[in-house]
Amino acid sequence: MACIVMKFGGTSVADLDRIRNVAQRVKREVDAGNQVAVVVSAMSGVTNQLVKYCTDLDPLHDAREYDAVVATGEQVTSGLLAIELQRLGYNARSWQGWQIPIQTDDAFGKARIDGIDGSALKTSLDAGEIAVVAGFQGIAPGNRVATLGRGGSDTSAVALAAALKAERCDIYTDVDGVYTTDPRIVPKARKLAKISYEEMLELASVGAKVLQTRSVELAMNEGVRVQVLSSFQDIPGTMVVDEDEIVEKQNVSGVAYSRDDAKMTVRRVKDRPGIAATIFGALAEANVNVDMIVQNVGADGTTDMTFTVGKADLPRAHAALAGIKADIGYTDLLEDTDVAKISVVGVGMRSHAGIANTMFRALADKGINIQVISTSEIKVSVLIAAEYTELAVRALHTAYGLDAA
Ligand code: ASP
Ligand code: MG
């Protein structure tokens, strides 16, 4: 008997009709003779509302209480889906993170999974029960509820698939697969039948919102076969696989964008050893992830340090930097939330020169100014003014020959 994990995102469980639809899909897999663990997100919009309650009360709220609040969205959907499956005559039950348990670290609000004891779940599946697991949550040391960061139900699903040694992990969402870019911006975007873990990892980390970054990382490390597919249509999705399973390797497989970052510039800090360590040390301490970084040439013994942080982390980043002003002596702290990060990703970059230049040329031709650049082995990212997001994505999609015929 094959064990499979099915994960349904927020739009797939947005109301009771959609939960009924999900139950039908689960029923199909169970009737086909599979053991099924379902992982559910909160109904769409719910997590945003819960987050807003916390930030409206206090932008610097206690992260443990934030988790106590935001974890409730998934608890609701896990119970509702179990009820519907029972109504259809199936033996189903809900599982919260702590009941399994899914053990996490204590980075509340963006906790990592430390381990899953799948034995109780396995016993339940072996007894013929359908497990409906609340995604996004686990239990941290000290017996506190922890959540896995926005989009974290994907990671719950992949981690469960690894723990249960599931045959595959199907991630049902409101798109029917992974596209070369966002089809809402580029109607000529193409669906990829397969994408490598590494490309998916880069795309997820730069803002393609199909899968949470950590879920891809985990799938890659644990060898979990992940499929991204639609819960509304019966068509094959995109398989995330090892690079050697892909025959036709593109130089660039996808163009992604994100408006989730803010640019910060620390003006005229002293140009001496230890400044970067102090700035980024303080941000790390405050649990703020930093992405792109540039340090400019120093002139009169001072220099500017520019970097990006998640918009949601801006208040925390600001507080952290204010706290070290006396140590590093900057004149201003500039913040710009009107920026977008545009990235091109492809394993072909490893063996081809000129990929970055194609990007810079295409943006220049549209008169788009590049504010910050960063690269990795298979990715080039630029930060631009947010108003040019669509224009840039379209230009790049065309420049790399990705447009559908
Ligand atoms: N409900 C959570 C969120 O919106 C987790 C998830 O949907 O994956 O981020
Ligand atoms: Mg999601």
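All ligand and atom numbering here is 1-based and tracks the order in the structure. Computation of the quantities below employed the complete heavy-atom set of this structure, encompassing side-chain atoms and omitting hydrogens, waters and symmetry-equivalent molecules. Throughout, numbering of the chain's residues begins at 1 and tracks the sequence.
- Between Phe280 and Phe307, the ring centre distance stays below 6.0 Å.
- Figure legend: Lys366 and Tyr388 shown without cation-pi pairing, the cationic atom not lying both under 6.0 angstrom from the six-membered ring centre and within 45 degrees of its axis.
- A donor and an acceptor atom, one from each side chain of Ser343 and Glu202, are nowhere located under 3.5 Å apart.
- Gln212 does not count as a contact of ligand 1, since none of its heavy atoms falls under 4.0 Å from the ligand.
- Near Ser41, meaning under 4.0 Å from any of its heavy atoms, are these atoms of ligand 1: 6 (C), 7 (O), 8 (O).
- Those atoms of ligand 1 with a heavy atom of Arg150 less than 4.0 angstrom away are 3 (C), 4 (O), 9 (O).
- Listed by number with element, the atoms of ligand 1 under 4.0 angstrom from any heavy atom of Gly151 are 3 (C), 5 (C), 6 (C), 8 (O), 9 (O).
- Residue Gly135 places no heavy atom under 4.0 Å from ligand 1.
- Among all heavy-atom pairs drawn from Ala23 and Leu85, the shortest one is O-CD2, 3.8 Å.
- The N/O atoms of Asp154, backbone and side chain alike, include none that comes under 3.5 Å of an N/O atom in ligand 1.
- Residue Val5 forms a side-chain contact (heavy atoms from CB on, under 4.5 Å) with just one option from Val36, Val39, Val158, and that option is Val39.
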